[in-house]
There are 2 protein chains.
Amino acid sequence: MTRHSLTNWQAVMAEVERRIYTREWKPGQSIPNEADLAIEFGCARVTVNRALQTLASNGLLDRRRKAGTRVALHPISKATLQIPLIRKEIEASKKVYRYHLKLQQIEAAPDWVNARFGLAKDVLLFHVIALHTADNKPYVIEDRWINCIALAEVLSMRFDSISANEWLLQSIPYTHGDIVFRALNASIEQAELLDTKENKALFEIERTTWDHDTALTTVRLVFHAGYQMNTAL
Amino acid sequence: MTRHSLTNWQAVMAEVERRIYTREWKPGQSIPNEADLAIEFGCARVTVNRALQTLASNGLLDRRRKAGTRVALHPISKATLQIPLIRKEIEASKKVYRYHLKLQQIEAAPDWVNARFGLAKDVLLFHVIALHTADNKPYVIEDRWINCIALAEVLSMRFDSISANEWLLQSIPYTHGDIVFRALNASIEQAELLDTKENKALFEIERTTWDHDTALTTVRLVFHAGYQMNTAL
DNA sequence: TAGTGGTCTAGACCACAGA
DNA sequence: CTGTGGTCTAGACCACTAA
């Protein structure tokens, strides 16, 4: 991919990668320490350090103080998922994005939401259901619950022109989140919204975001039939 | 999570994160340059650089030479997926891992495989189907095709005691890979192997690994009903 | 062209964990 | 105790790009 001139530490990284890849350094084997490599490559130790740290964070090396650096035995592959705004994702594929609000009200939440939020059973939460379309075809259903105790601002919002997805991401800072991916059989309602048949296998992403120990919002994104999520290794 | 004493650059990072999170520095806004921050924090510029680079790689900052550093407008969330060996994944949940070879033969590949490999239609490829179980319950079907032109070693392998998954990962180096996640309705055969019903929504991961421009192997992993993939944000 | 981030260096000290 | 990686510093030069 990158057709640029390599910086020094990238060159060191590339050379180390090459030695691992060609099995000059085999899985499980110790490689020379940073100081020796710095001498061999004729650079500062920090430069070697940066290269090896990067490789270690990619899972290609195991590093321990005193024990030294070894080629990883089980290269735990790491894939990085980009999770963009739905609107951006659709616009990136050069399709026309549209947004349709289906429901916005305050109501008691179902069990799975209360479980996620760690709230009592009959707390009222802000509930939004919306459909995002690409070129006027259903793309994803956004079924969102918002903790309006922690986020009182939401009570005055109308999500008919801006999606809750977008408003939250731009306006509400969070400290961390968790994500679950799963497959589910379409309910009758989901099938109707997504223009497919009941029981069709659909891809779902469930995301909850937190401000420290307080859950702010949880959303289930149910994608149209045939949706695929891609990434590189 | 981390209850350790922070290193200096981590402290700087934490402070910058705090300012972003508390909106002292708002989305889109420029923050002071590295030199000024180094003075303010009483540390070397490199230390600030490391902190800001880390935040930028997490998507929280946008950095451009001359233009300076700004708080990201659209915090593109990045989630890192760990893709371990199936055996490790099962053992990590303290269940008993077992492996059952269902098929191993050389045959002409279906279209989707030829498409991935960029090969002619009637090339013969190495085909393996296996079931991985956790506590004797079906966990995932591994349906794998191996490019035995590029990987002649595979012709002498018997995958009845070691899985192709494991052998390939430990023995065959690759330069990169791509991954697709999707949902599918169980076929009759899949339902039977996974002890569920036809048309049940199942989670599938399709992974292809490459040595430069040569596809080495492609695999479809179809998980048991109810499987979820988790990650943090 | 000038300001900003990106990288590099030599040297230093520290923290951890193996022997 | 000692070898190794982890981090920090001050200073320098380079590379990109907005003005």
Side-chain angles (χ1 to χ4, degrees), chain A residues 1-17 19-20 25-73 75-76, chain B residues 1-17 19-20 25-73 75-76:
Chain A
M1 295 303 138
T2 52
R3 272 294 151 272
H4 312 300
S5 61
L6 294 178
T7 62
N8 210 342
W9 71 265
Q10 288 170 330
V12 171
M13 185 171 78
E15 171 60 14
V16 172
E17 266 182 327
R19 293 186 187 181
I20 294 173
W25 291 339
K26 299 188 180 64
Q29 183 179 334
S30 273
I31 76 173
N33 68 32
E34 293 187 349
D36 290 345
L37 286 175
I39 293 171
E40 180 190 339
F41 293 133
C43 67
R45 182 168 77 92
V46 176
T47 304
V48 174
N49 181 276
R50 172 139 193 205
L52 298 189
Q53 275 197 20
T54 303
L55 290 174
S57 82
N58 290 345
L60 217 57
L61 294 175
D62 279 336
R63 320 191 75 200
R64 289 204 314 275
R65 286 167 150 121
K66 171 75 178 180
T69 301
R70 293 168 175 276
V71 179
L73 266 178
I76 296 178
Chain B
M1 298 306 132
T2 54
R3 274 291 152 274
H4 312 300
S5 61
L6 293 178
T7 62
N8 210 342
W9 72 266
Q10 287 170 330
V12 171
M13 184 171 80
E15 171 60 15
V16 172
E17 266 181 326
R19 293 186 187 180
I20 294 173
W25 291 339
K26 300 189 180 63
Q29 184 179 334
S30 274
I31 77 174
N33 67 32
E34 293 187 351
D36 290 346
L37 286 176
I39 294 170
E40 181 190 339
F41 293 133
C43 67
R45 183 167 77 90
V46 176
T47 305
V48 174
N49 181 275
R50 172 137 193 209
L52 298 189
Q53 275 197 20
T54 303
L55 289 173
S57 82
N58 291 344
L60 217 58
L61 294 174
D62 280 335
R63 318 191 77 200
R64 288 203 314 276
R65 285 164 151 122
K66 170 77 178 177
T69 301
R70 292 167 175 278
V71 179
L73 266 178
I76 296 177

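Note on naming: letters A, B, ... go to the chains in the order of the sequence lines (proteins, then strands), and numbering restarts at 1 for each one. Quick note: numbers below take in every heavy atom, side chains included, and nothing from hydrogens, waters or symmetry partners.
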Quick one: [X] [atom1] to [N] [atom2], roughly how many Å, whole number?
X: B:Q53; N: D:dC8; atom1: CD; atom2: P; result: 14 Å
X: A:R50; N: D:dG5; atom1: CZ; atom2: P; result: 18 Å
X: A:N8; N: D:dA15; atom1: CG; atom2: P; result: 12 Å
X: B:L52; N: C:dT7; atom1: CG; atom2: C1'; result: 15 Å
X: A:N49; N: C:dA15; atom1: CG; atom2: P; result: 17 Å

A:R63 vs D:dG6: side-chain N/O to OP1/OP2 distance below 4.0 Å: yes

Contact under 4.0 Å: A:T47 side-chain N or O vs C:dT7 OP1/OP2: no

Close side-chain approach of A:E15 and A:E40, heavy atoms under 4.5 Å: no

Side chains of A:I20 and A:I31 in contact at under 4.5 Å (non-hydrogen atoms): no

Write down the protein N/O and nucleotide N/O pairs, taken from nucleotides 17-19 of chain D, whose separation is under 3.5 Å; answer none if there are no such pairs.
| residue | atom | partner | partner atom | Å |
| --- | --- | --- | --- | --- |
| D:dA18 | OP1 | B:R64 | NE | 3.3 |

Any donor-acceptor pair under 3.5 Å from A:N33 side chain to A:A35 backbone: yes

Short side-chain to backbone donor-acceptor contact, B:R70 and B:G28, under 3.5 Å: yes

So which protein nitrogen or oxygen atoms get under 3.5 Å of nucleotides 10-13 of chain C's nitrogens or oxygens?
| residue | atom | partner | partner atom | Å |
| --- | --- | --- | --- | --- |
| C:dA12 | N6 | A:R45 | NH2 | 3.2 |

